[in-house]
Engineer: 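The following block contains the structure, expressed as structure tokens.
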Amino acid sequence: MAAPDISAGAMTLSLAGRVVLITGAASGIGRASALACGQAGATVAVNHLGRADEAAEVVALLQSRGVHAQAFEADVTRAADVTRMVADVERELGPIGALLNNAGIIDDRPFLETTEEQWDRMLNTDLKSVFLMCRAVLPGMVLRGEGVIVNIASDLGVLGREQFAPYCAAKAGVIGLTRSLAREFAPRIRVNAVAPGPVATAMLSTEHMSAEWIEKELDIPQHRFAAPDEIAATVLFLMSDLSRFYCGQVLGPNGGSVMP
Ligand code: NAD
């Protein structure tokens, strides 16, 4: 293979001219990432499941800032939904240049009380969805010879945590999948992951989150939750040319919970 030209061009955070598809973008980290990508000049496809009003609000906010954006409903655990959504996005907005696999759920319960159904629901939502989305988007990226994928994992995928075995297993799986795809599709397509620590989103204010759990989560050097924007900043970096030598990396905006 010819040596790449490593002297070329200015490196910027700009995503101008790029279509970015973000799963679970009606709330939390996905919403913040949609706004950040739009701010950086991307056209934004806002995926949601059953949250039309919130997705429409994200789209309206982007449009008020002059960003081309559209909402697309799909359940990312279902192959048929994913295939249809990717076709719809490419027909409506153009070829997908960047994908953020962000949709996810969390659940906590003692491992011995975990049913097969609960295990499947977690693994389908937090891991299989990443497989389905990548499988749908990568053929176009390969044809065009370029593309960026960012997957949202979690510090718990590295640390493990009692009462969160299925979530931790799914997020560890996201890291393994990220590294495998990064190797298989380099150098033209870059695949990286973000493994946040605790972030102040709806996910952490569900009935599943006990006061004890939150206290334990705050046992990190920065002793606070992240704002969704702080995670979106890492997503934006990994989507931009500034990170063009990043391949199969797991970046950790986590307040110091993991120090590899
Ligand atoms: P959130 O609940 O606001 O966002 C998750 C989004 O995914 C929601 O909008 C939800 O509707 C969507 N979603 C769930 N299942 C879906 C499906 N089948 N199809 C399409 N969309 C679906 O919470 P968040 O904190 O913004 O979570 C975003 C990601 O960040 C998740 O993958 C989560 O595991 C990860 N994460 C969160 C934290 C945290 O502390 N909040 C920490 C580390 C990682």
Side-chain angles (χ1 to χ4, degrees), residues 21-36 45-58 71-86 89 99-108 120-133 136 150-161 164 166-175 177-178 193-209 213-214 216-218 220 222 224-232 234-235 250-255 257-258:
L21 168 57
I22 300 178
T23 68
S27 63
I29 295 166
R31 178 184 191 278
S33 300
L35 297 178
V46 175
N47 160 254
H48 72 96
L49 177 61
R51 301 178 79 150
D53 289 352
E54 289 158 277
E57 190 265 340
V58 176
F72 296 86
E73 178 156 25
D75 180 345
V76 293
T77 69
R78 301 171 72 92
D81 268 35
V82 165
T83 307
R84 176 188 44 75
M85 173 171 68
V86 167
V89 170
L99 166 67
L100 175 63
N101 284 306
N102 163 80
I105 55 171
I106 199 166
D107 196 10
D108 71 322
D120 286 346
R121 179 166 175 264
M122 179 59 66
L123 272 286
N124 285 345
T125 310
D126 285 27
L127 180 57
K128 183 183 172 188
S129 65
V130 181
F131 156 67
L132 292 175
M133 287 298 308
V150 179
N151 298 323
I152 301 290
S154 167
D155 64 349
L156 297 188
V158 178
L159 294 166
R161 174 62 49 82
F164 286 88
Y167 181 76
C168 295
K171 292 302 190 179
V174 168
I175 292 171
L177 181 57
T178 298
V194 181
V199 189
T201 68
M203 186 168 273
L204 287 196
S205 57
T206 66
E207 60 199 22
H208 301 296
M209 301 301 118
W213 186 86
I214 289 173
K216 188 178 277 182
E217 275 296 299
L218 287 178
I220 57 175
Q222 288 213 353
R224 68 173 177 84
F225 286 12
D229 284 353
E230 292 175 309
I231 312 307
T234 306
V235 169
V250 182
L251 298 193
N254 57 32
S257 62
V258 179

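Positions are given from 1 along the sequence. One-based numbering, in listed order, for ligands and for the atoms of each.
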Engineer: Measuring from atom 4 (O) of ligand 1, which candidate in Gly28, Ser27, Ala26 has the nearest non-hydrogen atom?
Structural biologist: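 Considering heavy atoms of Gly28, Ser27, Ala26, the nearest to atom 4 (O) of ligand 1 sits in Ser27.
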Engineer: Could you tell me the separation between the OG1 atom of Thr77 and the CG atom of Leu132, rounded to the nearest 0.5 Å?
Structural biologist: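 Between Thr77 OG1 and Leu132 CG, I get 7.5 Å after rounding to 0.5 Å.
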Engineer: Nearest 0.5 Å please: distance from the CZ atom of Arg51 over to the CD atom of Glu73.
Structural biologist: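 Answer rounded to 0.5 Å: 11.5 Å.
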Engineer: In the structure I gave you, are the side-chain heavy atoms of Asp108 and Arg161 within less than 4.5 Å of one another anywhere?
Structural biologist: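 Heavy-atom side-chain distance check fails, nothing below 4.5 Å.
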Engineer: Pick whichever of Gly24, Gly197, Ala74, Ala170 has a heavy atom sitting closest to atom 20 (C) of ligand 1.
Structural biologist: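 The residue whose heavy atom sits nearest atom 20 (C) of ligand 1 is Ala74.
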Engineer: Quick check for you: to the nearest 0.5 Å, what is the distance between His48 atom NE2 and Ile22 atom CD1?
Structural biologist: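 These two atoms lie 14.0 Å from each other.
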Engineer: If the cut-off is 4.0 Å to any non-hydrogen atom of Thr77, which atoms of ligand 1 fall inside it?
Structural biologist: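 Close to Thr77: 18 (N).
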Engineer: Would you say that more than 12 heavy atoms from the other residues, nucleotides or ligands in this model lie under 6.0 Å from the CZ of Arg84, or not?
Structural biologist: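 Yes - once you tally the heavy atoms of other residues, nucleotides and ligands closer than 6.0 Å, there are more than 12.
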Engineer: Might you point out which heavy atoms bring Leu204 and Pro198 nearest each other, and give the distance in Å?
Structural biologist: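 Taking Leu204 first and Pro198 second, the nearest heavy atoms are CD1-CB, 3.8 Å.
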Engineer: What's the shortest heavy-atom distance between Gly197 and Asp155, and which atoms?
Structural biologist: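 Gly197 and Asp155 have their closest heavy atoms at CA-OD2, 3.4 Å.
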Engineer: Out of curiosity, is Thr23 lining ligand 1, as in a heavy atom under 4.0 Å away?
Structural biologist: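 Not so, Thr23 does not reach ligand 1.
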Engineer: Using modelled atom types only, decide if a donor and an acceptor are shared between the side chain of Asn254 and the backbone of Pro196 within a distance under 3.5 Å.
Structural biologist: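 Such a contact is absent between Asn254 side chain and Pro196 backbone.
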Engineer: How long is the gap from CG on Asp81 to OG on Ser129, to the nearest 0.5 Å?
Structural biologist: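 So the CG of Asp81 and the OG of Ser129 are separated by 12.0 Å.
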Engineer: Need the ligand 1 atom indices (1-based, order shown) with element for anything under 4.0 Å from a heavy-atom of Ile152.
Structural biologist: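 Those of ligand 1 that fall under 4.0 Å from Ile152 are 29 (C), 30 (O), 35 (C).
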Engineer: Ile106 near ligand 1, heavy-atom distance under 4.0 Å?
Structural biologist: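 Distance cut 4.0 Å: Ile106 fails for ligand 1.
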Engineer: Between ligand 1 and Ala202, is the shortest N or O to N or O distance under 3.5 Å?
Structural biologist: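 Between Ala202 and ligand 1 (N or O atoms, distance only) the closest approach is not under 3.5 Å.
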Engineer: Counting heavy atoms only, which part of Lys171 comes closer than 4.0 Å to ligand 1: side chain, backbone, both or neither?
Structural biologist: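 Only the side chain of Lys171 comes within reach of ligand 1.
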Engineer: Applying side chain to side chain contact (heavy atoms under 4.5 Å, CB included), run through Val174 and Asp126 and close with a yes or a no.
Structural biologist: CA-CA 8 Å; Val174 168; Asp126 285 27; 5.6 Å; no
Engineer: Please work out whether any backbone atom (N, CA, C, O) or any side-chain heavy atom from C-beta onward of Leu204 is under 4.0 Å from ligand 1, and answer side chain, backbone, both or neither.
Structural biologist: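 Within the 4.0 Å criterion, Leu204 contacts ligand 1 through side-chain atoms alone.
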Engineer: Select one of side chain, backbone, both or neither to describe which atoms of Ile231 lie under 4.0 Å from any atom of ligand 1, heavy atoms only.
Structural biologist: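 Ile231 to ligand 1: no contact under 4.0 Å from either part.
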Engineer: Below 4.0 Å, non-hydrogen atoms only: which portion of Tyr167 touches ligand 1? Side chain, backbone, both or neither.
Structural biologist: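 For Tyr167, only side-chain atoms sit under 4.0 Å from ligand 1.
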Engineer: Show which atoms of ligand 1 fall inside a sub-4.0 Å distance from at least one heavy-atom site of Ala103.
Structural biologist: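 Counting from 1, the qualifying ligand atoms are 7 (O), 13 (N), 21 (N), 22 (C), 32 (O).
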Engineer: Quick one: pull up NZ in Lys128 and CG in Leu123 and give me the separation to the nearest 0.5 Å.
Structural biologist: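 Answer rounded to 0.5 Å: 10.5 Å.
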Engineer: Numbering the atoms of ligand 1 from 1, which are under 4.0 Å from a heavy atom of Asp75?
Structural biologist: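 Counting from 1, the qualifying ligand atoms are 17 (C), 18 (N), 19 (N).
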Engineer: Answer yes or no: is there a donor N or O on one side and an acceptor on the other, between the side chain of Lys171 and the main chain of Gly160, under 3.5 Å?
Structural biologist: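 No: the side chain of Lys171 does not pair with the backbone of Gly160.
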Engineer: For atom 15 (N) of ligand 1, state which one of Thr201, Asp126, Thr125 supplies the nearest heavy atom.
Structural biologist: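 Considering heavy atoms of Thr201, Asp126, Thr125, the nearest to atom 15 (N) of ligand 1 sits in Thr125.
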Engineer: Is the closest heavy-atom distance from Ala153 to ligand 1 below 4.0 Å?
Structural biologist: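 Within the 4.0 Å threshold, so yes.
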Engineer: Numbering the atoms of ligand 1 from 1, which are under 4.0 Å from a heavy atom of Leu49?
Structural biologist: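 Once the distances to Leu49 are compared, the set is 17 (C), 18 (N), 19 (N), 20 (C), 21 (N).
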Engineer: Which of the atoms of ligand 1 are close to Pro198, meaning less than 4.0 Å from one of its heavy atoms?
Structural biologist: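 Heavy-atom distances to Pro198 below 4.0 Å select 40 (O).
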Engineer: Within the 4.0 Å heavy-atom shell around Asn47, which atoms of ligand 1 are there?
Structural biologist: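 Those of ligand 1 that fall under 4.0 Å from Asn47 are 20 (C), 21 (N).
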Engineer: Under a 4.0 Å heavy-atom limit, does Arg31 contact ligand 1 with its side chain, its backbone, both, or neither?
Structural biologist: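 Neither; nothing of Arg31 gets under 4.0 Å from ligand 1.
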Engineer: Taking N or O atoms only and a 3.5 Å limit, does Pro196 qualify as a polar contact for ligand 1?
Structural biologist: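 It does not: no N or O of Pro196 is found under 3.5 Å from an N or O of ligand 1.
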